[in-house]
Every structure is written in C-alpha cells, then in structure tokens.
Amino acid sequence: MSTPPKDAEQSGDAAQRASDPFDELAGPTWSSRLLIAFITLQLIVPLTYYLRSDPFDERFAWRMFSAVRMFRCDTVASETGDQGERPIDMRRAVHRAWFNTLGRNRRAVIHGFLEARCELGAREVELTNTCRSPAGDRLDPQVYVRDCATGVTTDPQHPPDVEDALARMRQQDEGVR
Amino acid sequence: MNPLSARLRDYFYGGVDPVRPYLLQKAVLLLLAFDCWIDLIPHGARYGAGGFNVTHFEVLTALLPVPTSAVYVGLLSAVGALAFVLVFVRPPRMLLVALTLGYSASWMLSMLDSYQHHYLLTLLLISISGFPRLDSRFLGEVTPTRWSRALGYTALQIAGLGIAARLVGFDAPGMALLEFSPRSAWAVLLGVLMLGAFLIFVGTESSDAKGRPAKKSSGKKSAKRKSAEKKAAQKGNKASRAPSWAYVSFVVTCAIVYFYTAITKTARDWRDGHVLRRVARGAFREVAERWVADGWTLDDFWSFQAKLAIALQLVICVALLVAARQDVMKNAKVRAVIALSVVAPLGFHVGAEMMELKIGWFSYYMIIISLIVFAPASWLRAVAIATSAPAHFARSRLGGRVARGEPAASPRSASPTVSPTEQLVVVAMSLCLLIGMGASLDLPGAALAIGVVAILIAVAAYRDHRAGSDVRAYAVGALIAAAALFLSVTQTEVRFDYYRLGGGEYRRMGELEIALEHYVKANRYAPEDRDRRRQEAEVRAELERRR
C-alpha cells in the first residue's frame, strides 16, 4: 500500500479540520464570557424574588407550586367619574384570564388595568382583592387606587403576611389531625 | 490560570459525545413544534380581546401595541414550523436565533402566558443555539441488514397504504381494528411507520464519528479489537467529542431550575405536605387512599411525598451536574451510576403527571431531556441511527452533492442527480407548500407568519448552497413540516378549542358579533357531542334582541 505524500496528507488534515463541525466554537474565547454571564444571570434572577416587597410576583423565581399561588382572591373594582362612583363590571371589562391574573395580585397587571380605566375617562379607579389563604382565612383587603389626574397608583399599605397565613394553614391541618 | 478557572474550563469545554447535543436539539425542537401547534394555539383567541394587555417587561408594554390573536397564533404557527424544519437540517445558527427570539416573543408579549416552563424553554433554546452544527453524518455510514430491511419496508408499505386509505376515506378491511379511539388509527399508523424506519436500520453498523468506516463484525471480537475498544472507552473516545460549552450550559440550566424549585419546597408548609395535599389531583389521590388502607395516615403520606419530591429534585440537580461530564469520565462504574440516576427525573415527572398539575408539556420535555442526558452514549447512538434512517436512506439512494466537499459516501452518491439550482427550486416549492398549508388552516395570522419564516429558511438554504452544501434537507423538512402542521391542527381539537374559547370570552365581554363568528367556526370544527350550537343560537337570539 502506497503512503500518500506528506504535503497531501497535511493539506488533507487541514481540509478535514476546516470542515470538521466539532472545531466550531471549540475554544473558550468570546463564548466563555457569554457563558459566565448566562449562568450567573440564571443564579441571580431567582434570588431577586426574596428581595422584592411583592410576595405574589413569583415570575422567574422557579417557585412552581409554591403556597403563594394557592391564595384565592375575590376581585372588585370601582371608578369615580363625572357621575360619581360606580362599580366596574369586571366580566365585561377584561376577559377571564386577565381577571384571574388581577385576582393573583400581580401588581404590573393591576397597574395596567387601573391605567387603562383612567384612559377611558375615570378620575379615580380602585381595585380591591379580598383574599383567602390556603387554610381559608380571610386576609386584609388589598386595595389599589389610581388617581388619574396625577397618574399615581397607591399600592396596599399592608401587603398580606404570607408567612402568617401559611402558619394558620399548618395549624388548621394539625387541628384536623 | 487559577485552579477554579481551570476546573470550570474543564467542566464546560471538556467535550461531549456529539450524539447528545444532536438528539437533544432534535427532540426539544420536535416537541416544541407540536407544543406550539397543539397546546398553545388554542389559547390564542383571548389575545387582544378587550384591547388590554400587559407584557412581562415594562419596556415592551410601552413600546408594543396590544398583541392580537393573529400575532400570537401566527407567531406560534411559524415558530412550530421553523422548529420542525430545523429537525431535518444541519441547523444554521441564524435560524436557531430566530427561533429563540420568536418563541421568547410569544410569552414575553403578554402576562397571559406566565407559565414558568415557557421561559425555561427560552433559556434552553439559547443554549441550543450554541450547540455544534451537526447532521447525521457524524454517525458515519449506516448499513442495514437484509432481514431487518425487508421487514422494515413491509411495515412502511402497510403504514403507507393505511395512511393513503384514511386520507381518501376508504374503509379498508381491518381498519376498524385500529379505531379504538377517534385518533388512534393515526397513532397506530404513525407507530408502524416509525417501526418500519427503525427496522430498516436496526442491526446496522456505523463508521466512527470522523467518518472512518467500521470493520465488519465477525461474531467474536478479536482480543486486539477488544483491547482497542477498551482503550478508546478509557480515553473517553476523545476523537468523537464535540464542543461542549453550550450542551453543558443547557444541562446546568436544568440543574439550576431543579435546585431552586427544591429550595422553594423546603419551607415548612411545603415540607410537611400541606401544600402538596391541596394541589394533587387525579391518580395520586387514589395512591394516597391505597397507602391509607395500608395503615399510613394521610398526614404522613403527604409529608413523605413532599420530602420525597424535595429529595428527588436535589438528586436530579446534582445528577445533572455530574452527567454533563459523563462522556469524559474514565470510570465505567461512575457512568453506570449516572445512567441509573435517570430513575430520579423519571419518577419525579411521572408522579407530577399523575397529580394532573396542568403544566402543559413540561413533564414530557424534562423526561426526554433526562433520557438523553443520562443514557449511555452507545444507546443514544443506536437511537440516532434509527431516527436518522430516512436521512441516510435519502443520502445513499438519491445521490447528489455532499456538503463542504466531504468525500462521497459511495460512488453512487458521488454522481449528482439534482443540480444545485434544481435543489434550490425544490426548496422554494416546498416552502410555498408550507405557506399554503398555513393559509389553509383557518387560523388567523398563520399564513403571513409562516411566510416570513419561509423567507428566513430560504435565505439560510441559499447560504448553505453558496457554501457548497446539499440543501435538499430543507425541502424534505418543509414538506414534512407542512404535513405535520396539517395533521396537528386538523386531526386534533386545536381549532375547535381556539374558536370555542374565543366565543366564550367575547360573549362574556358583550362583543356578541365577534362571539358569534367564533361559535360558528367552533361548530365547523367541533368533535361529536361537543358542539356549541346552543351557545351559537343563544348569541344569535341576543343579537336579534339588540337589533
């Protein structure tokens, strides 16, 4: 069997390397910095949940099926316009999926809803969530108010004490036992 | 380089058997395509209803108009089509980035979609965009045995005849046997089709990853060969390793998710089972009853299950971090333990499905990902050979140019049967068919969005063509994507659910004319006994009263 000339062999190797899909992105160059940023971001973002004042916004925190999701709220809203205060028919104002999200105390959605009602001509809009803990206890109403003239939204003064509500859930289960 | 940097470098850049990123990419993209078409599109009608929307990020809310159902459904139809086509080609990074952006936009556009696994998928797609670009050629030449090939072709013919008979509505003898549920015949036929493809290539041999042909097996392995194989295994088969940073980041992303979900569950209310007993439904409650009959108390049962879930998630997290490196590990026993640890994610996600948690297709993604990350590479190669059978068949039988001047697999394949220009024409025609299929679905926005994706695919195919690659895979991908899209939408309740849910929402909001349009279409696509004729009549009467 004849041996190929050394030059041909080398150029063959070079061609093989050039066409080798495994050579692509093989080294820790620009990719390593991106990689570190990507992984670090993933480690940091979920931690921000524990620093937020809003216990109900569990997005990006990988808190699937946490107890917070099990709070159930009744949502009512009213607005003050030229003809005084009147309740908002929530069934007509937004569709069911948004209604459910409002009932989960998602602040961004509540703020958006209040703003949208202001744009329809109201002077002041108020949304109240009356929530029950997983144990069935009624919590303090969560009242969100937007002054349409100033554009300032006031969030609930006392967000529900989730830990306290969960402690009552445990007590309830222990009572059943 | 300090020791930590060196370790991290080894961890992320140590290499991986190319079969893992290859299969992972294809499996996730395939599942994503069907997930978009079957599970997500039905929720599209509520987008834009009432003119209200809040996106996941304030900047998007400020910049973007309220997304309509056409935007959402179009986006998902197109993302599904693109993901499906990418399964069949050596995916260009440009298209993977477009896919990631498109899919991410679908959930970022509105807080209506707040499922956590949707943004997990975005993170996974970002990693997938960095995977090595592979097609089935890294598996080498594949040669089927005569018997398996004969059986395989027979199965393919039976499946082909069955599918043809169903498409034309011919009541073939024996077809009734398949009708144990409304869509079971399609599932059985698809199963036979896949079995046929598998049989054709089962018992195959392949060359090594660098394309060197494997020697014919002669029953007993020679001592020399055994020793060579052992050496190769000990070296972790360095020659066949692909760059691993993107694959490892994919696996680490999954591990981070399991870690945080486990940490969340360590709070007392979860740990003691108080939450689990409230969220669990379905078969899991029956399991609880059986355990109680065996002498457990309900408290102990839920507490045990909760602690088990936390333990499993922590085990999965650690196992994933270790498994990411398994292809460079020398110790066979450690690799065996890693393979066995697949039991943890399987157990966890099967349990989650039994609880009927309504988490979409999340469990299926994680089960498939776990199988690919934990299984021995040799098993995965067998699966890859079987699933890439049609590609090998097309390459060896149809001939044509081979990508990037690689040596032709056989003299037969060296002679081009289709010129490069003809290949581009075929790709363009297939993409037109895909757009046409999108237009025929009677779903808003689908045709336009698929048209945009088709242009992107055409640009990518042209770039590959300019680089000297055979681009017929794009045509094959587009044709099969068109068929899959058609079957996914017409043979399921996607359209019925889309229009039914839209009808309900618009009716509640008092938009009766739009509600009526939705109910009319819902009834057009309604399965037996589930029509919305009563609702349609009620809306008509209400409209009449208003006039």
Side-chain angles (χ1 to χ4, degrees), chain A residues 15-16 18-28 31-32 34-36 38-39 41-43 46-47 49 58-67 69-70 89 91-99 101 104 106 108-113 116 134-135 163 166-167 169-170 172-174 176-177, chain B residues 9 12-13 18 43 46 49-54 56 58 61 90 111-112 114 116 119-120 123 126-127 130 132-134 138 210 241-243 245-246 249 252-253 256-257 260-261 264-265 267-270 272 274-279 297 299 357 359 403-406 504-506 508-510:
Chain A
Q16 172 94 10
S19 65
D20 191 340
F22 303 164
D23 280 350
E24 205 178 349
L25 299 172
S31 63
S32 61
L34 272 180
L35 194 59
I36 290 167
F38 184 55
I39 302 288
L41 204 68
Q42 288 188 55
L43 288 168
L47 289 176
Y49 170 82
E58 297 183 297
R59 291 174 302 145
F60 314 115
W62 308 127
R63 290 175 52 84
M64 285 82 119
F65 299 104
S66 75
R69 185 68 188 264
M70 293 166 59
D89 182 354
R91 275 165 47 99
R92 302 230 163 173
V94 285
H95 60 69
R96 195 169 40 184
W98 282 126
F99 183 68
T101 316
R104 286 194 195 115
R106 283 282 169 81
V109 180
I110 291 172
H111 289 185
F113 172 75
E163 285 307 315
L166 295 177
M169 174 183 77
R170 290 195 294 269
Q172 187 191 53
D173 284 354
E174 281 155 13
V176 170
R177 199 181 304 161
Chain B
R9 188 187 185 284
F12 281 97
Y13 294 91
H43 302 289
R46 61 195 185 185
F52 176 69
N53 185 59
V54 178
H56 277 276
E58 268 181 48
T61 309
R90 185 169 164 257
M111 277 213 216
L112 282 174
S114 292
Q116 307 217 21
Y119 39 87
L120 168 61
L123 296 174
I126 290 172
S127 292
R133 290 189 65 201
L134 296 168
F138 83 89
K210 291 278 183 188
R241 279 192 225 152
W245 64 269
S249 85
V252 168
T253 297
I256 290 172
V257 173
Y260 275 114
T261 48
T264 303
K265 292 178 175 68
R268 199 179 149 200
D269 42 273
W270 224 103
D272 290 350
H274 301 287
V275 176
L276 192 59
R277 70 195 302 167
R278 286 169 168 83
V279 297
T297 66
D299 288 333
L357 297 177
I359 47 174
R404 293 192 180 187
E406 283 179 22
E505 294 292 3
Y506 281 107
R508 260 187 295 277
M509 295 174 71

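Every chain is numbered from 1, with letters handed out A, B, ... down the list of sequences.
Counting heavy-atom pairs closer than 4.5 Å to chain B, the top-ranked of the candidates A:Leu35, A:Ile39, A:Thr101, A:Asp89 is A:Leu35. Among the candidates A:Phe113, A:Tyr49, A:Phe60, the residue making the largest number of heavy-atom pairs closer than 4.5 Å to chain B is A:Phe60.
Here the shortest heavy-atom pairing between B:Ser249 and A:Phe38 reads OG-CE2, 4.1 Å. Taking both residues in full, the closest heavy atoms of B:Lys265 and A:Met64 are given as NZ-O, 3.7 Å, listed atom of the first, atom of the second, then distance. When every heavy atom of B:Tyr260 is checked against every heavy atom of A:Ala61, the shortest pair comes out as CB-O, 4.2 Å. The two residues A:Val109 and B:Phe52 come nearest to each other via the heavy atoms O-CZ, 3.7 Å. Nearest approach of B:Val54 to A:Gly112, heavy atoms of both residues: CG2-CA, 4.2 Å. Considering every non-hydrogen atom in both B:Arg46 and A:Ala97, the closest pair reads NH1-CB, 3.6 Å.
For B:His43, no part lies under 4.5 angstrom from a heavy atom of chain A. Both the backbone and the side chain of B:Leu120 come within contact range of chain A, with heavy atoms under 4.5 Å apart. Using a 4.5 Å cut-off between heavy atoms, B:Thr253 touches chain A through backbone and side chain atoms alike.
The side-chain hydrogen bond (donor to acceptor under 3.5 Å, both in side chains) check on B:Tyr119 picks up B:Gln116, with sequence neighbours excluded.
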